[in-house]
> 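Have a look at this one before I ask anything.
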Amino acid sequence: MKASVFFGAMTVAGLASVAASAATLDDVKARGTLNCGVTTGLAGFSTPDANGVWEGFDVAMCRAVAAAVLGDPTAVEFVPTTASTRFTALASGEVDMLSRVTTWTFSRDVDLKFEFTGTTYYDGQGFIVLRELGVTSAKELSGATVCIRTGTTTELNLAEFFRINNMEYEPVPVETNSEAQQQYLAGACDAYTTDASGLAATRASFENPGDHVILPEIISKEPLGPLVRHGDNDWGDVVRWTVNALLTAEELGVTSANVEQLAADGSDNPEVNRLLGTDSDLGAMLGLESDWAVNAILAGGNYGEIFEANIGESTPIGLARGLNALWTEGGLLYSPPFR
């Protein structure tokens, strides 16, 4: 098992080093579309609507990058990937970036040769169970069957949590979130474990969400965010600073409703002017147009607008900002300055 895992890691790393030799920014511009890897479907984060149009929090990050680079938030080819296929898709060059609830870890960064361009959602792993079971704590799950997606950090976290607490469990391996839902609802497992945000999204899709309880324990740190290949720093900068532009826009009060007016008239705040390209051309440093950040913000709004529209408390997902509030509001989200 160890040998095969090592070989798989080396294979992905090798693909990444080959694919990264190309300049992704130039490829995206020449192609006229951004190829963005997303999930096969997770409500609130990335899923196609009834007309086949992809929507969600992670989708909005893809559209913001496409708008920054190409001036068009619709110039995106969404490529559904599973936990098992996502890294090969990125390493091989099938996609230009991943934006699909992927955790930033040491081995993925260093061994698999990927570059995480920031954390867009601070998360942690939890458990969901049927309310009728009467379980109030994950520490009451000894002997339970647990649905777990293969090829994820949750697999290892689950094993460590049960070992540390001297409990036994029976894993029920699944490939996708939709398969996990089906197995859980069919009674094939007593509990389903994944990121707490994913549990909220999953519960919101159930016919009777109130029949299911998300247990209070958070057993891991799961910083989620977009990633690109190592070795293509220019492209990494584009994705990283697009995310930072959305964060800074929220902090400075720049929204999808006022960004065009601020760009046209200027602002009393010098950082707003730098961000929007009216005072200096930071876009040229990225190989983009001066209005790249304006286009990114217009695509779906600033970070706060994206959060509230897709996964916030007014949506069926119902997530509070919590750790994902700006640093000025007691959260962890923080962008380096635009200067």
> May I ask you to decide if V76's main-chain N or O and R63's side chain share a donor-acceptor pair within less than 3.5 Å?
no
> Which heavy atom of D96 sits nearest a heavy atom of R31, and at what distance?
OD2-NH1, 2.8 Å
> Under 3.5 Å, is there a donor-acceptor pair between the side chain of N208 and the main chain of G210?
no
> Are any side-chain N or O atoms of R149 and backbone N or O atoms of A83, one a donor and one an acceptor, separated by less than 3.5 Å?
no
> Is the ring pair W241/F338 parallel, tilted or perpendicular, if the boundaries are 30 and 60 degrees?
perpendicular
> When you measure from the side chain of T88 to the backbone of T85, do you find a donor-acceptor pair of N or O atoms at a distance under 3.5 Å?
no
> What pairs meet the side chain to side chain donor-acceptor pair (under 3.5 Å) rule with one or both residues in residues 39-52, with sequence neighbours excluded?
T39-S46
> Please answer whether the main-chain N or O of D190 pairs with a side-chain N or O of T145 as donor and acceptor at a distance below 3.5 Å.
yes
> Could you work out, with side-chain hydrogen bond (donor to acceptor under 3.5 Å, both in side chains) as the rule, every residue matching R86, not counting sequence neighbours?
T102
> Closer than 3.5 angstrom, by distance alone: can the side chain of E179 be matched with the main-chain N or O of E175 as a donor-acceptor pair?
yes
> Could you pull out all residues at least two apart from E250 that satisfy salt bridge (charged side-chain N to carboxylate O under 4.0 Å, His left out)?
R321
> Within the side chain of D232, is there an N or O that forms a donor-acceptor pair under 3.5 Å with the backbone of T24?
yes
> Answer yes if the side chains of S205 and Q181 hold a donor-acceptor pair under 3.5 Å, and no otherwise.
yes
> According to the disulfide bond (SG atoms under 2.5 Å apart) rule, which pairs have a member within residues 134-179, sequence neighbours left out?
C147-C189
> So F57 and Y303, ring pair (Phe, Tyr, Trp, His ring centres under 6.0 Å) or not? Walk me through it.
CA-CA 9 Å; F57 179 86; Y303 178 90; 5.8 Å; yes
> Among V259, L252, L282, which residue meets the side chain to side chain contact (heavy atoms under 4.5 Å, CB included) test with L276?
V259
> Give a yes or no on whether a salt bridge exists between D123 and K221, defined as a side-chain N under 4.0 angstrom from a carboxylate O.
no
> Under a plain distance cut-off of 3.5 Å, with no hydrogens placed, do E155 and T150 share a side-chain donor-acceptor pair?
no
> Who pairs with D195 by side-chain hydrogen bond (donor to acceptor under 3.5 Å, both in side chains), at least two apart in sequence or on another chain?
none
> Who are the salt bridge (charged side-chain N to carboxylate O under 4.0 Å, His left out) partners of E115, not counting sequence neighbours?
R240
> Please check if the side chain of E140 supplies one atom and the backbone of V135 the other of a donor-acceptor pair under 3.5 Å.
no
> Using modelled atom types only, decide if a donor and an acceptor are shared between the side chain of T193 and the backbone of G126 within a distance under 3.5 Å.
yes
> Would you call the rings of H212 and Y184 parallel, tilted or perpendicular, where under 30° means parallel and over 60° means perpendicular?
tilted
> Between D281 and A284, is there a donor-acceptor pair closer than 3.5 Å when you use the side chain of the first and the backbone of the second?
yes
> Other residues, nucleotides and ligands only: do more than 12 of their heavy atoms fall within 6.0 Å of CZ on F206?
yes
> Who are the side-chain hydrogen bond (donor to acceptor under 3.5 Å, both in side chains) partners of S99, not counting sequence neighbours?
none
> Would you say the side-chain atoms of E222 and W104 include a donor-acceptor pair closer than 3.5 Å?
no
> Apply salt bridge (charged side-chain N to carboxylate O under 4.0 Å, His left out) to D58 and list each qualifying residue two or more places apart in sequence or on a separate chain.
none
> Give me each pair satisfying disulfide bond (SG atoms under 2.5 Å apart) with a member in residues 215-316, each pair once, sequence neighbours excluded.
none
> Distance only, no hydrogens: is a donor on one side chain within 3.5 Å (strictly under) of an acceptor on the other, for T105 and T103?
no
> Between T248 and E271, does the side-chain hydrogen bond (donor to acceptor under 3.5 Å, both in side chains) criterion hold? Intermediate values first, please.
CA-CA 9 Å; T248 298; E271 188 161 24; 5.1 Å; no
> Listed by chain and number, what are the salt bridge (charged side-chain N to carboxylate O under 4.0 Å, His left out) partners of R163, not counting sequence neighbours?
none
> Evaluate the side-chain hydrogen bond (donor to acceptor under 3.5 Å, both in side chains) criterion for residues T82 and S84: first the C-alpha distance (whole Å), next the side-chain angles of each, then the deciding distance (0.1 Å), finally the verdict.
CA-CA 5 Å; T82 67; S84 300; 4.5 Å; no
> Heavy-atom count check: over 12 atoms from other residues, nucleotides or ligands less than 6.0 Å from E308 CD?
yes
> Considering only residues two or more places apart or on different chains, which pairs with a residue in residues 131-167 satisfy ring-ring contact (aromatic ring centres under 6.0 Å, His included)?
F127-F161, F162-Y169
> Hey, what do you get for CG (N157) to CD (Q125), rounding to the nearest 0.5 Å?
4.5 Å
> Hey, what else clusters with I218 if you join Ile, Leu, Val, Met, Phe, Trp, Tyr whenever side-chain heavy atoms sit under 4.5 Å?
none
